[in-house]
Amino acid sequence: MTTTTAGTVRSWSADEGWGVVDLDPVVGGGSGLPAVRDVWAHFSAVVGRDVGYLVPGERVTVDWEDVPHPPRTAGRRAR
């Protein structure tokens, strides 16, 4: 399911072509998933510009999908 919401670009790495957008307001949290506060954005997903880049502080509209991830295992190492 795709969700559309507004957000603010927190950071953007032009050299690496990706950044983070803080969503406004916090959305999600249903079906056992945590609330989504930010999303990762790749330059290939930037629409409406000749070159895919964003500027920190810029307001944007984001279409995103909540994808479940395995829980993080802080402090564990594979042996």
Side-chain angles (χ1 to χ4, degrees):
M1 173 189 205
T2 301
T3 302
T4 301
T5 189
T8 303
V9 178
R10 179 192 320 164
S11 61
W12 187 260
S13 173
D15 293 338
E16 296 180 17
W18 67 275
V20 177
V21 176
D22 292 319
L23 299 180
D24 180 55
V26 175
V27 294
S31 303
L33 298 171
V36 176
R37 292 176 179 82
D38 56 26
V39 293
W40 177 86
H42 190 258
F43 79 94
S44 63
V46 176
V47 177
R49 301 175 188 204
D50 292 335
V51 178
Y53 69 91
L54 298 172
V55 178
E58 179 179 7
R59 294 287 294 164
V60 295
T61 300
V62 179
D63 295 326
W64 59 276
E65 291 186 27
D66 200 0
V67 179
H69 296 279
R72 293 183 182 177
T73 54
R76 290 190 174 175
R77 283 191 195 177
R79 293 183 187 210

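Predicted model, so just to flag it, every value in this text is computed and none were measured.
Here the closest heavy-atom approach between residue Arg59 and residue Thr8 is recorded as NH1-OG1, 2.8 Å. Taking all atoms of both residues into account, the shortest heavy-atom contact from Val55 to Val9 is O-CB, 3.4 Å. Minimum heavy-atom separation, Ser11 to Pro56: CA-CG, 4.3 Å.
A single hydrophobic cluster is not seen to contain both Val21 and Trp18; linkage of ILVMFWY side chains at heavy-atom distances under 4.5 Å, directly or through other members, places them apart. At a threshold of 4.5 Å between side-chain heavy atoms, the hydrophobic network of Ile, Leu, Val, Met, Phe, Trp and Tyr places Leu23 and Val60 in one connected group.
With sequence neighbours excluded, no residue forms a salt bridge (charged side-chain N to carboxylate O under 4.0 Å, His left out) with Asp63.
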N/O donor-acceptor pairs under 3.5 Å from side chains in residues 39-48, not counting sequence neighbours:
residue	atom	partner	partner atom	Å
His42	ND1	Ser44	N	3.2
His42	ND1	Ser44	OG	2.7

